[in-house]
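First the structure, in the form of structure tokens, and then the observations on it.
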Amino acid sequence: MDERYDPKAIEPRWQKYWDESGLFKVAEDPDTPKYYLLEMFPYPSGKIHMGHVRNYTIGDVVGRYKRMRGFNVLHPMGWDAFGMPAENAAIQNNSHPARWTYENIDAMRAQLKQMGFSYDWDREIATCHPRYYHWEQWLFLKMYEKEMVYRKESFVNWCKTCQTVLANEQVEQGACWRCGKTVRQKKLAQWFFRITDYADDLLEYCDKLDGWPEKVTTMQKNWIGKSFGAEIRFPIEDSETRISVFTTRQDTVFGATFMCLAPEHPLVTELSQSTEQESAVAEFVDRMALLDRSDRAMETYEKEGVFVGAYCINPMSGRRMPIYTANFALMEYGTGAVMSVPAHDQRDFDFARKYGLEVIVVVRPEGKPLDGASMDEAYTGEGVMLNSGQFDGMSNEDAKEAIAAHMDKEGIGKKTVSYRLRDWGISRQRYWGAPIPMIHCDRCGVVPAPESDLPIELPEEADLLEGGKSPLPTLESFTRTTCPKCGGAEARRETDTMDTFVESSWYFDRYCSPDCDTAMFDREAVDYWMPVDQYIGGVEHAILHLLYSRYFTRVLHDLGLIDCKEPFTRLLTQGMVCKETTACPEHGFLFPTQVDWSEETPNCSICRNAVTVGRVEKMSKSKRNVIDPNTLLEAYGADTTRLFCLFAAPPERDLEWSEQGVEGGYRFLNRVWRLALDWMEPIQPVTAYSGSPDALDGNLRDLYRKIHETIRRVTGDIEDRFHFNTAISAVMELVNAMYGIDRSKPVEASTAGVMRLGLETAVLLLSPMVPHFSEEIWSTLGHEKSVLLAPWPEYRKDALQKEEITIVVQVNGKLRSRFDISADADDDTLKETALADERVQKFVAGKPIRKIIVVKKKLVNIVV
RNA sequence: GCCUGGGUGGCGGAAUAGGUAGACGCAAGGGACUUAAAAUCCCUUGGGGCUUGUCCCCGUGCGAGUUCGAUUCUCGCCCUAGGCACCA
């Protein structure tokens with residue numbers, strides 16, 4: 001231990017020690033309780049950012065803490081390595097995505113090591129490696145066998161910029177989640193995973209995930225979007241065909257006066273054929289297909305439609321209903337057809353008024369009349385049925401049941417449910433992904449590749465094309481194969497690759513046995529480690545990745561490959577790392593270095609205009625408010641960087657960047673360092689005091705209590721809540737208390753013993769958060785083994801006890817006085833002492849005492 | 001519109017089963033050390049009032065309520081962040 005705290009000198013040394021001693025390498029051990037700790041693995045973009053630093057620091061504290069508590073901790077790290085940035089960068093640099101990716105991985109691994117994270121690096125995986133995606137392809141074949149995956153021609157979300165299909169989950173407000181450009185509909189043959197088969201199960205278990213933030217489970221529930229209603233079939237006039245609709249308001253079926261079909265609905269063209277509406281319909285359908293998805297999705301978007309030239313019959317009322325195709329009917333939801341009840345649905349109402357369609361009221365609010373001709377908005381509330389034949393007079397809630405039962409009996413319709421969740425389209429027309437192991441044969445159609453061909457490797461020699469178009473379809477060495485079924489000469493490999501979210505849906509299983517080359521994973525290993533006990537990552541994955549992973553775990557479970565059904569027992573979603581933005585009216589967002597802060601009003605160093613200091617926002621390149629963790633590492637070292645992330649805010653909240661905050665953390669570590677140096681000489685020969693508190697007195701007794709109180713607080717903060725900020729502040733208090741012990745006098749043995757205990761305790765409690773720093777002091781204190789191998793400290797109950805405690809006195813609930821009294825004084829003594837207090841007397845004097853409330857060891861409240 | 005969080009000093013944030021609001025840190029101010037600065041150490045710091053006291057009044061987004069007592073529980077509002085959204 002040097003005179004000066006120098007992170008640059010000590011950090012590499014301990015990192016080397018951890019590496020060489022293999023402290024973080026783990027194996028299955030049935031005799032030790034396991035703890036599988038996982039943070040969301042990064043995309044190898046090139047260098048780590050503050051979000052990673054925060055995420056992995058939180059995880060590392062938990063991992064080191066659990067290890068000290070005696071758990072067998074699995075804490076792996078790897079790379080979500082397929083994806084488009086690699087392709088784009090490769091095109092730009094005239095390089096190859098694989099090279100770019102592996103170089104980035106090397107750079108980022110080095111950075112993570114510099115942070116001192118406790119990973120078992122032997123288990124590192126990269127999803128772009130054939131050894132990994134081999135088993136993804138294998139699983140695809142298993143799923144194909146069980147009909148969990150299928151191919152279908154359908155309208156898909158197409159991003160022109162990225163030249164690929166997007167899943168519904170990847171479309172945000174009508175735009176591509178990655179590039180932000182408008183997404184259009186395109187008809188393509190795609191591979192789908194039947195996630196909707198699991199909709200109910202995924203939904204049901206949302207309420208059983210006690211260790212998940214409610215926020216996330218509600219988001220998933222909303223995404224699955226289960227609605228209860230009925231399916232009703234409307235016969236088409238002069239036809240055998242019937243139109244099926246889904247509705248949640250079957251009670252209003254008598255009020256249905258027209259029908260709306262989505263423009264993509266197959267019946268639209270069929271029904272309009274050779275009617276005088278044909279051309280008008282065709283024109284409308286074409287126009288809709290070209291529209292931006294975002295525009296069409298706007299609620300405020302003008303409702304419009306075209307009569308298709310045919311009618312259907314309301315099976316309940318017998319009414320003849322014109323059939324329209326309308327822009328507000330969505331092919332993706334329900335059956336793509338809407339029975340329109342203008343009196344009780346606002347959209348239908350708007351549409352009916354626009355095209356002069358009839359409005360019939362069938363539910364009336366209690367005690368009020370309602371007239372279809374004169375009403376100016378739809379009535380969507382509850383009420384009494386009318387104009388509904390035998391159901392008149394019922395409450396509409398009762399009618400929902402009654403009408404559904406009636407329709408069921410008559411074969412008109414039945415109760416059913418509908419989901420918002422769609423099947424997961426996984427085909428991507430990109431190069432840098434796992435090839436889908438299927439073969440197209442002219443004779444046999446689509447045929448699965450034989451298992452013995454796996455892995456179907458991505459050809460490395462491919463030249464990437466400008467614009468991002470996949471080179472695979474033109475690469476004959478890849479596409480040409482023979483049909484495994486008929487053996488014919490001509491067959492082509494599928495050239496689509498899988499969505500990268502497929503890789504991240506099972507990587508946590510692979511970590512259990514990353515080197516297994518005979519199966520996806522070793523059964524024993526996966527059964528020992530899974531499920532993940534604690535998962536940590538950003539909320540931005542609340543739906544996408546977390547829902548897919550839950551789905552995949554169910555698939556693996558149902559294929560008999562794994563025991564558990566839910567992958568993540570506890571989930572922590574950490575907040576974002578934010579910083580204020582600065583913008584110049586002329587030059588837009590500025591880097592902090594482009595701002596001259598020395599003047600009274602900060603100004604732009606380019607044009608001297610005053611800059612506006614904007615809102616605190618998530619660090620992002622476009623806002624130019626990012627702090628590179630490297631600069632922190634350079635200036636302060638890993639421990640200060642970690643400490644800042646932990647101290648500035650509790651993990652689930654957003655963290656605001658503060659230069660002074662970092663400085664403060666560094667100052668604290670220096671303070672502890674100096675304390676240790678100052679006392680090292682007297683405490684080195686003694687052992688930590690472990691006797692009874694009764695043998696101590698005065699300051700020493702107080703410090704002894706403080707030490708044990710700190711153990712209690714820190715342990716509770718970490719164990720129950722992951723509130724590292726309060727854990728750190730508790731240790732700060734302890735350190736402050738130790739500074740209160742006089743060092744100038746010759747040090748007595750008892751003082752040295754308690755000081756040693758205090759110092760060792762502070763170091764142990766801090767060790768998960770600032771590991772290098774702690775190891776350094778710990779070893780100087782004479783310990784030969786790593787601080788990680790020391791058991792987590794336990795507090796003594798008898799040390800916490802106080803002989804004298806402070807009792808607060810309130811009069812009518814207001815604080816008026818306080819006094820110190822023996823801790824075991826009884827209620828009557830407390831009352832008497834409180835009443836005798838002269839400050840209390842001022843407020844009580846002369847007034848009748850109504851009641852006295854005594855709270856043990858805390859307060860006395862006198863009510864007058 | 002619907003669903004989730006969150007509103008506490010100049011700032012980040014404490015208050016774990018309704019019981020001393022503002023722990024800890026930052027910033028600010030004062031002092032000590034120093035020729036000086038940095039670093040360090042000590043003190044003050046929610047607002048207001050005066051009779052400077054272990055004083056009084058106000059204070060946790062706003063308005064009610066429950067309670068001896070509410071940052072904490074209930075109801076109604078306002079603001080804010082995030083998610084979903086023409087979902088039939």
Side-chain angles (χ1 to χ4, degrees), chain A residues 172-173 213-223 225 227 229 245-249 252 256 260 262 296-303 326-330 332-341 344-348 350-351 418-420 539-540 542-543 575-576 615 617 644 647-650 652-665 667-668 670-671 674 713 716-717 720-721 723 725-733 735-736 739 806-819 837-839 842 850-853 855-864:
Chain A
E172 289 166 355
Q173 271 136 45
E214 205 188 285
K215 179 186 174 176
V216 175
T217 49
T218 347
M219 272 164 73
Q220 293 209 350
K221 280 193 240 173
N222 291 341
W223 185 263
S227 312
V245 305
F246 172 76
T247 178
T248 54
R249 292 296 304 273
T252 64
C260 287
R296 223 185 116 186
M298 295 266 277
E299 203 170 339
T300 47
Y301 202 73
E302 170 100 23
K303 312 222 170 340
N327 60 351
F328 68 81
L330 305 172
E332 310 94 78
Y333 186 75
T335 61
V338 185
M339 76 168 201
S340 287
V341 186
H344 304 293
D345 181 283
Q346 192 56 42
R347 280 171 331 188
D348 297 347
D350 294 345
F351 195 84
S418 186
Y419 300 92
R420 222 189 67 104
V539 233
E540 64 271 21
I543 308 177
M576 300 179 296
R615 298 201 312 186
E617 293 191 71
F644 167 71
F647 184 60
E652 66 277 8
R653 270 210 241 178
D654 286 352
L655 173 94
E656 193 190 330
W657 167 260
S658 150
E659 180 73 40
Q660 288 98 324
V662 183
E663 196 66 54
R667 205 145 46 200
F668 169 66
N670 272 293
R671 200 167 143 81
R674 280 194 306 272
R713 281 172 61 185
D717 282 345
D720 311 335
R721 315 190 298 168
H723 276 201
N725 57 332
T726 48
I728 293 165
S729 70
V731 181
M732 284 172 167
E733 282 186 52
V735 170
N736 289 345
Y739 262 92
T806 303
I807 300 289
V808 166
V809 190
Q810 299 179 331
V811 179
N812 289 345
K814 277 191 177 173
L815 176 72
R816 293 304 178 189
S817 183
R818 66 190 72 194
F819 58 83
D837 188 285
E838 75 180 278
R839 284 186 298 276
K842 272 202 306 201
R850 295 235 307 265
K851 209 187 206 175
I852 300 180
I853 289 138
V855 181
K856 247 189 298 168
K857 294 186 176 179
K858 270 201 179 127
L859 66 82
V860 178
N861 188 12
I862 301 162
V863 187
V864 295

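Here is the naming used below: chain letters follow the sequence lines, and residue numbers restart at 1 for every chain. Computed over heavy atoms, backbone and side chain alike; hydrogens, waters and symmetry mates excluded.
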Rounding to an integer number of Å, can you tell me how far [X] [atom1] sits from [N] [atom2]?
| X | N | atom1 | atom2 | result |
| --- | --- | --- | --- | --- |
| A:R420 | B:rA88 | CZ | P | 11 Å |
| A:M219 | B:rC3 | CE | P | 15 Å |
| A:L859 | B:rG19 | CG | C1' | 5 Å |
| A:I728 | B:rA14 | CD1 | P | 12 Å |
| A:E656 | B:rG13 | CD | P | 8 Å |
| A:I543 | B:rU4 | CD1 | C1' | 12 Å |
| A:R347 | B:rC87 | CZ | C1' | 7 Å |
| A:L815 | B:rA70 | CG | P | 13 Å |

Identify whether any heavy atom of [X] sits under 4.0 Å from a base atom; if not, whether one sits that close to sugar-phosphate; answer base, sugar-phosphate or nothing.
| X | answer |
| --- | --- |
| A:P650 | sugar-phosphate |
| A:N736 | sugar-phosphate |
| A:S658 | nothing |
| A:R653 | sugar-phosphate |
| A:V338 | base |
| A:Y419 | nothing |
| A:Q660 | sugar-phosphate |
| A:K221 | nothing |
| A:N670 | nothing |
| A:E214 | sugar-phosphate |

[X] side chain N/O closer than 4.0 Å to the phosphate oxygens (OP1, OP2) of [N]?
| X | N | answer |
| --- | --- | --- |
| A:R671 | B:rC41 | yes |
| A:R816 | B:rC56 | yes |
| A:K858 | B:rG19 | no |

Complement of [N], any strand, by Watson-Crick or G-U distances under 3.5 angstrom:
| N | answer |
| --- | --- |
| B:rC84 | B:rG1 |
| B:rA28 | B:rU44 |
| B:rA38 | none |

Fill in: Within 6.0 angstrom of A:E540 CD, more than 12 heavy atoms from elsewhere
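Atom CD in A:E540 is crowded, with more than 12 foreign heavy atoms closer than 6.0 Å.
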Fill in: Whether over 12 other heavy atoms sit under 6.0 Å from A:K215 NZ
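For A:K215, atom NZ is not crowded (no more than 12 foreign heavy atoms under 6.0 Å).
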Worksheet item: Out of curiosity, A:I807 CD1 to A:D837 CG, how far, rounded to the nearest 0.5 Å?
Response: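 Reported to 0.5 Å precision, the distance equals 12.5 Å.
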Does [X] make a side-chain donor-acceptor contact with the base of [N], cut-off 3.5 Å?
| X | N | answer |
| --- | --- | --- |
| A:Q810 | B:rG19 | yes |
| A:N861 | B:rC68 | yes |
| A:R818 | B:rU20 | yes |
| A:K303 | B:rC86 | yes |

Discussion item. Could you check B:rA32 for me: syn (within 90° of 0) or anti?
Written reply: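 You should classify B:rA32 as anti.
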Practice prompt. Test A:K851 against every option in A:V863, A:N861, A:I862 by the side-chain contact (heavy atoms from CB on, under 4.5 Å) rule and name the one that passes.
Written response: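 That would be A:V863; it is the only one of A:V863, A:N861, A:I862 passing the side-chain contact (heavy atoms from CB on, under 4.5 Å) with A:K851.
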